[in-house]
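The next block holds one structure in the form of structure tokens; read it before the comments.
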Amino acid sequence: MASSAAVPFWRAAGMTYITYSNICANLVRNCLKEPYKTEVLKREKVHFSVAKWVDGKPQKPTLRSDTPEA
């Protein structure tokens, strides 16, 4: 049986490792100075496509982004 001291602090705080990792990455990005900060923020954007399936066949995919459209 593991003691509570062996539990990672992010787990003890009720977070998943992905959540903890994202928080740390955001902190590091926000600490950067220009021009590095602008470059890193451009790479942070995520684009993906979503296709609905009807009767076992994929429909036309739609492109999505995690950034709000201007």
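As a basis for the values below, the full set of heavy atoms in this structure was taken, side chains included, without hydrogen atoms, waters or symmetry mates.
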Give the table of side-chain donor-acceptor pairs shorter than 3.5 Å for residues 26-36, with sequence neighbours excluded, one pair per line with atom names and distance.
from: Asn26; atom 1: OD1; to: Arg29; atom 2: NH1; distance (Å): 2.6
from: Asn26; atom 1: ND2; to: Asn22; atom 2: O; distance (Å): 3.3
from: Arg29; atom 1: NH1; to: Glu44; atom 2: OE2; distance (Å): 3.1
from: Asn30; atom 1: ND2; to: Asn26; atom 2: O; distance (Å): 3.2
from: Glu34; atom 1: OE1; to: Thr38; atom 2: OG1; distance (Å): 2.3
from: Glu34; atom 1: OE2; to: Thr38; atom 2: OG1; distance (Å): 3.3

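Sorted by first and then second residue, the salt bridge (charged side-chain N to carboxylate O under 4.0 Å, His left out) pairs with a member in residues 18-27 form an empty list; sequence neighbours excluded. The list of side chain to side chain donor-acceptor pair (under 3.5 Å) pairs with a residue in residues 48-57, not counting sequence neighbours, is empty. Sorted by first and then second residue, the side chain to side chain donor-acceptor pair (under 3.5 Å) pairs with a member in residues 8-17 read Thr16-Thr19; sequence neighbours excluded.
With sequence neighbours excluded, the residues forming a side-chain contact (heavy atoms from CB on, under 4.5 Å) with Val50 are Phe48, Thr62, Arg64, listed by chain and number.
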